[in-house]
Amino acid sequence: GSVNPARLVRLQYTPARRTDRRVALVGKGITFDSGGLSLKTAAGMMTMKVDMSGGAAVLGAMSVLGAVGAPVAVDGWTSSGPATARRSRC
């Protein structure tokens, strides 16, 4: 584990035209090495490197919303390890 805590990251997309429609995307972005008690077997640890794929999907989706002109407001929520946490607006 890390001596620094993990972070909850919120990204926001606001469309050019005002709207009351809102969507939330949520994905876990912490991998198996974030500390705590491991209940998985050694073989089960091999697949844990994809644990952060939900967070990666949220970041990928948030990164293209402006380019495609999404007509709804979107909040993206993910978790991050301490070294990569940043506050950002899309």
Side-chain angles (χ1 to χ4, degrees):
S2 174
V3 295
N4 300 309
R7 306 282 184 210
L8 178 62
V9 179
R10 179 184 182 195
L11 300 109
Q12 295 177 294
Y13 167 78
T14 304
R17 189 175 255 172
R18 180 170 152 59
T19 181
D20 291 330
R21 295 172 33 194
R22 182 172 231 62
V23 173
L25 304 175
V26 181
K28 184 178 79 151
I30 295 180
T31 57
F32 66 90
D33 62 350
S34 58
L37 178 63
S38 175
L39 300 176
K40 293 200 179 216
T41 63
M45 296 291 270
M46 295 306 294
T47 60
M48 290 184 75
K49 57 185 150 193
V50 298
D51 274 4
M52 56 79 57
S53 59
V58 169
L59 294 175
M62 295 298 293
S63 71
V64 300
L65 292 172
V68 300
V72 298
V74 181
D75 290 320
W77 294 90
T78 187
S79 49
S80 177
T84 57
R86 300 285 185 269
R87 183 180 170 116
S88 176
R89 289 185 67 98
C90 294

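On a predicted model such as this, the values are computed, not experimentally measured, just so you know.
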Margin query: Checking Pro15 now: which residues fulfil side-chain contact (heavy atoms from CB on, under 4.5 Å) with it, not counting sequence neighbours?
Written below: Tyr13, Thr19, Ala73

Next item on the list: Return the set of residues passing side-chain contact (heavy atoms from CB on, under 4.5 Å) with Val72 (not counting sequence neighbours), or none when no residue passes.
Entry: Arg21, Val23, Val74

Next item on the list: May I ask you to list the residues sharing a hydrophobic cluster with Val64, side-chain cutoff 4.5 Å, ordered by chain and number?
Entry: none

Check: If you link I, L, V, M, F, W and Y whenever their side-chain heavy atoms are under 4.5 Å apart, who else ends up in the same group as Trp77?
Finding: Leu8, Val26

Checklist line | Sequence-distant partners of Arg22, salt bridge (charged side-chain N to carboxylate O under 4.0 Å, His left out), two or more places apart | finding: Asp75

Notebook entry, point to check: Residues in salt bridge (charged side-chain N to carboxylate O under 4.0 Å, His left out) with Arg18, at least two apart?
Noted result: Asp20

Checklist line | Pairs where residues 56-65 contributes a residue and the test salt bridge (Lys or Arg N to Asp or Glu O under 4.0 Å) is met, not counting sequence neighbours | finding: none

Item checked: Residue pairs, two or more places apart or on separate chains, that pass salt bridge (Lys or Arg N to Asp or Glu O under 4.0 Å) and touch residues 60-70 -> none

Next item on the list: Return yes if some donor-acceptor pair links the side-chain N/O of Thr78 with the main-chain N/O of Lys28 below 3.5 Å, else return no.
Entry: no

Notebook entry, point to check: Got a second to check how far Leu11's CG is from Leu59's CG, nearest 0.5 Å?
Noted result: 6.0 Å

